[in-house]
Enquirer: 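Questions regarding the structure given below will be posed in turn.
Chain letters run A, B, ... following the sequence lines, proteins first, then strands; residues in each count from 1.
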Amino acid sequence: MATLCKTISSATRQASKLNQFSRLLSTTQRCNVQMAVRDALNSAIDEEIERDEKVFLLGEEVAQYDGAYKVTKGLWKKWGDKRVLDTPITEMGFAGIAVGAAMAGLRPICEFMTFNFSMQAIDQVINSAAKTYYMSAGQVPVPIVFRGPNGAAAGVAAQHSQCFASWYSQCPGLIVASPFSSEDCRGLLKSAVRNENPVVLLENELMYGTAFDVSEEALSKDFLIPFGKAKIERTGSHITLVAHSKAVGLCLEAANELIGQGVECEVINLRSLRPLDDQTIIESVMKTNHLVAVEGGWHHCGIGAEVVALIMESQAFNYLDAPVLRVTGADVPMPYAKTLEDLALPQVKNVLTAVKKSLNIS
Amino acid sequence: MVPVEEVQVLHAHWSSDSITGYINPKFYIDTFSVDRVPCQDPGLKQESKQHSCMMLSSFRFVIGRSPTNSWILGLTQGCNMSTATEMTHDVVPYKLHRLEQGPDVQVKCTRDEAIKYYKQMRTIRVMETTASNLYKSKIIRGFCHLYSGQEAVAVGMEASITPDDSVITAYRAHGWTYMRGISVKGVLAELTGRSSGCALGKGGSMHMYSKNFYGGNGIVGAQVPLGAGIAFAHRYKGEDSVCVTLYGDGAANQGQLFEAFNMAKLWDLPAIFVCENNGFGMGTSAERAAASTAYYSRGDYVPGIWVDGMDVLAVKEATRFAKDYVLKNGPILLETATYRYHGHSMSDPGTSYRSRDEIQEVRQTRDPIGKFSELATSSGLLTKEEIKKMDDEIKKEVAAAAEAAKADPELPPEELYSYIYKNPPANIRVRGCDDTIWGATK
């Protein structure tokens, strides 16, 4: 509890620039506690290490450096070398070691400093972790969590800005989650650690400093968010906006602006990419008749593409008054220059364009 | 009777009931009959009717004087009875890397062990030959990588580890699967994809598992970091177990191996890394793929031992040494020099990159089973008749397993969707090939 209060007060200090989010989260239970995303992750890891002696954390700089993005701050000091390990810069090797440890009954949390580096290790994630339970006909489960920041940061250019949501969520055998809020982070990370299957948790570096209201429930040590269940962040009746991770915030900002034009958006935070909560999207579209899918990653074979396909194949198709539209990252490797970077990533105005096109308003 | 004497046989000719020759320079025995006498030496193995013991280069037997003062050999030589209870064998010397001392070059083997090792190696050989035939009849599909020729590695290593130790290997895994407790039928039926296979037919040749045996891995080299991770888990849990992590000479150049060696050494992981060097990565010889073929030294700061992988007793002793070493000192690397008779897999005849003569020569002069049976018979641990009997039993057992592997059914269609996730949430449905097909999963 003392740790939590310290965490919360440090988060509150950052809250000023980020209070907008608490006003937008209309369905979050009202409370006075604010928590930054990095502290949500930190507290979740801390509590899970405490709860189960088989849980341990490994990755580059997670221990003595307190984490490249300070997500794991204080954990090594508290838990020591056995539970929090610094690895050499050898993703394929340490991801493989983590998977082997999981096969042999431990519950590793394997951090990739960013998911861009996970490509070095992707064979271990897919061929060793995701598929082994199936190939062994249930004899070898792999209860591992791969976590780390995914997608664009700020000014880090092409090799450090890719979104891997599509790549990982395509593969059966993996569970893939993409949290938006602090509550999402706590609940999804805890569920991930306790799940018997390999989970890929796609965080977002730009969100680490963002503070959110957190409910009493979300602060409890056993707060779990189930996989495959989306959250309606904001109800509305005119159009549905569906997104994951940081793009949820973009949708909420757009929704805020559209209030002035009398348009009420329903904003769905997917939370899980695999399994994907198609039911929530379908029901929402049946209500609003319009859908825009928003994401930070590229359009080609992206999450939005999957959303469009699932709507086409569902009963919601008959309820559409306009085609489903997508707002995505531009189809380019990420440039460095600020102006170009802003043009490469979806902005509020792109969401507004899509909404207005869908609703046929100006 | 005079007390037992240990004598040196300089030259002897055995027949079923007589021995001719010099037992030591002083005594020349000119064909005399052999009597049964009670065994006087407490060091000799006592059996109810006959007794004897024999050593490789010297014979020790009871000598007594009959009441008529003639020598009586207390030795029974019979067609169906082996004569020795233990032998000592000198192995090809090990090569050591960063080790002051290595395994023993003299290895003992008891009669019971000889029976066990022979049976195990022979079973693997017959099982693999059977798999080869099933593949040629198109009853096994896809990949099939045979272990024939390499049996001494799996059998020798298993002899020095316990079921609490872990093993992980690559795709040439059938022999290891058998050694780790899966029946011949479990292996063959998995190869034919039947539900009686050890992975219900879901894995196939390269994905067989059992307790503390983690496959069976299809991606070259990926099993090595996995093995280091399993060793990590043993140490984390405070167990006195090791993980034997095998790979081939082809995989030995993979970067992830060196990443695994680095962390294993840094963290003192109880890992025995084993390079099963059969001379070829698919069709590329070791010399054409590796700038250094001294695989046992490629771990650099990880100590290494080169072992004659065609000698089951050498492998056994090296493994005993390695396990003992690793539990105290962290990782070690064994290179077992071995050979595979078949091609890389069933789609490779194995003769475009090496000559038939070479393969023949190894079969005739270095075959692990042939060499071991010669050793066992010449030292009296086993007789040729016993070996023949074992061969016949094994042939029958494997044939029966093959019949089951051909006749058993495959899994029903709904099992396509099972074992994707452990404890999946209720009501999750898995999509089939069109949007009308949805399977329940478990």
Enquirer: Counting only heavy atoms from other residues, nucleotides and ligands, does the tally under 6.0 Å from OH of Y319(A) exceed 12?
Expert: no

Enquirer: If you measure from CG on N217(B) to OG on S128(A), what distance do you get to the nearest 0.5 Å?
Expert: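 Going from the CG atom of N217(B) to the OG atom of S128(A) covers 6.5 Å.
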
Enquirer: Mind checking whether Y133(A) and Y419(B) have parallel, tilted or perpendicular rings, split at 30° and 60°?
Expert: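 Because their plane-to-plane angle is over 60°, the rings of Y133(A) and Y419(B) count as perpendicular.
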
Enquirer: Would you mind checking which part of Q120(A) comes under 4.5 Å of any heavy atom in chain B, side chain (CB onward), backbone (N, CA, C, O), both or neither?
Expert: neither

Enquirer: Any side-chain heavy-atom pair from S136(A) and H207(B) closer than 4.5 angstrom?
Expert: no

Enquirer: Which answer fits P172(A), side chain, backbone, both or neither, if we ask what part of it has an atom under 4.5 Å from a heavy atom of chain B?
Expert: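 For P172(A), backbone and side chain are both near chain B.
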
Enquirer: Under 6.0 Å from the CZ atom of F258(B), do we count more than 12 heavy atoms belonging to anything else shown?
Expert: yes

Enquirer: Would you say CD of E414(B) has more than 12 non-hydrogen atoms from neighbouring residues, nucleotides or ligands within 6.0 angstrom?
Expert: yes

Enquirer: What distance separates I230(B) CD1 from L106(A) CG, expressed to the nearest 0.5 Å?
Expert: 10.5 Å

Enquirer: Look at the side chain of Q124(A) and the backbone N and O of A222(B), then say whether any donor-acceptor pair between them is shorter than 3.5 Å.
Expert: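 Indeed, once roles are kept as given, a pair shorter than 3.5 Å links the two residues.
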
Enquirer: Kindly check if the number of other-residue, nucleotide or ligand heavy atoms within 6.0 Å of CG (D240(B)) is above 12?
Expert: no

Enquirer: Tell me, side chain or backbone of I175(A) under 4.5 Å from chain B's heavy atoms, or both, or neither?
Expert: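 Both the backbone and the side chain of I175(A) come within 4.5 Å of chain B.
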
Enquirer: Which one of P424(B), G227(B), S418(B) has the most heavy-atom pairs closer than 4.5 Å to chain A?
Expert: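 Going by pairs under 4.5 Å, I would pick S418(B).
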
Enquirer: Which bit of I219(B) is near chain A, if near means a heavy-atom gap under 4.5 Å: side chain, backbone, both or neither?
Expert: side chain

Enquirer: Of the backbone (N, CA, C, O) and the side chain (C-beta and beyond), which part of C243(B) lies under 4.5 Å from a heavy atom of chain A, both, or neither?
Expert: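 For C243(B), neither part sits under 4.5 Å from chain A.
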
Enquirer: Please determine whether the number of non-hydrogen atoms from other residues, nucleotides or ligands lying under 6.0 Å from atom CD of E239(B) exceeds 12.
Expert: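 Check passes, neighbour count above 12.
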
Enquirer: Using a cut-off of 6.0 Å, state whether more than 12 heavy atoms not belonging to K237(B) lie near its atom NZ.
Expert: yes

Enquirer: Are the side chains of Y214(B) and T132(A) in touch, meaning some heavy atoms are under 4.5 Å apart?
Expert: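 Side-chain contact under 4.5 Å: no.
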
Enquirer: Quick one: of G197(B), A264(B), A199(B), who has the most non-hydrogen atom pairs under 4.5 Å with chain A?
Expert: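 Among the listed options, the one with the most contacts to chain A is A199(B).
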
Enquirer: Under a 4.5 Å heavy-atom cut-off, does chain A meet the side chain of S166(B), its backbone, both or neither?
Expert: neither

Enquirer: Where on K131(A) is there a heavy atom nearer than 4.5 Å to chain B: the side chain, the backbone, both, or neither?
Expert: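 Nothing of K131(A), per the 4.5 Å heavy-atom cut-off to chain B.
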
Enquirer: Let's test your reading of the structure: which of F94(A), Y134(A), F227(A), F56(A) forms the most heavy-atom pairs below 4.5 Å with chain B?
Expert: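 Greatest number of close heavy-atom pairs with chain B: Y134(A).
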
Enquirer: Does R141(B), at its CZ atom, have more than 12 non-hydrogen atoms belonging to other residues, nucleotides or ligands within less than 6.0 Å?
Expert: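 Result for CZ/R141(B): open.
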
Enquirer: Could you tell me the separation between the CG atom of L226(B) and the CD1 atom of I97(A), rounded to the nearest 0.5 Å?
Expert: 9.5 Å

Enquirer: Are L85(A) and F232(B) packed together at the side-chain level, in the sense that at least one heavy-atom pair is separated by less than 4.5 angstrom?
Expert: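 They are in contact (side-chain heavy atoms under 4.5 Å apart), so the answer is yes.
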
Enquirer: Taking Y421(B) for the side chain and N197(A) for the main chain, is one N or O donor matched with an acceptor at less than 3.5 Å?
Expert: no

Enquirer: Looking at chain B, which one of N195(A), V99(A), D123(A) has the largest number of heavy-atom pairs inside 4.5 Å, strictly under?
Expert: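 Greatest number of close heavy-atom pairs with chain B: D123(A).
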
Enquirer: Check whether any side-chain N or O of K422(B) sits under 3.5 Å from a backbone N or O of Q139(A) as a donor-acceptor pair, and report yes or no.
Expert: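 Side chain of K422(B) to backbone of Q139(A), a donor-acceptor pair under 3.5 Å: no, none is there.
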
Enquirer: Report which part of I168(B) has an atom under 4.5 Å of a heavy atom belonging to chain A: side chain, backbone, both, or neither.
Expert: neither

Enquirer: Between E313(A) and R431(B), is there a side-chain N and carboxylate O pair less than 4.0 Å apart?
Expert: yes

Enquirer: Check whether any side-chain heavy atom of W267(B) sits under 4.5 Å from a side-chain heavy atom of T87(A), and report yes or no.
Expert: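 Yes, at least one pair of side-chain atoms sits under 4.5 Å.
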
Enquirer: In this structure, are over 12 heavy atoms from other groups packed under 6.0 Å from Y65(A) atom OH?
Expert: no

Enquirer: When only pairs under 4.5 Å are counted, which of G173(A), G138(A), P108(A) shares the most heavy-atom pairs with chain B?
Expert: G173(A)

Enquirer: At a heavy-atom separation under 4.5 Å, does L411(B) approach chain A through its side chain, its backbone, both, or neither?
Expert: neither

Enquirer: Under the rule for salt bridge (Lys or Arg N to Asp or Glu O under 4.0 Å), what residues qualify as partners of K328(B), not counting sequence neighbours?
Expert: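 Scan of K328(B) (salt bridge (Lys or Arg N to Asp or Glu O under 4.0 Å), adjacent residues dropped) gives D324(B).
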
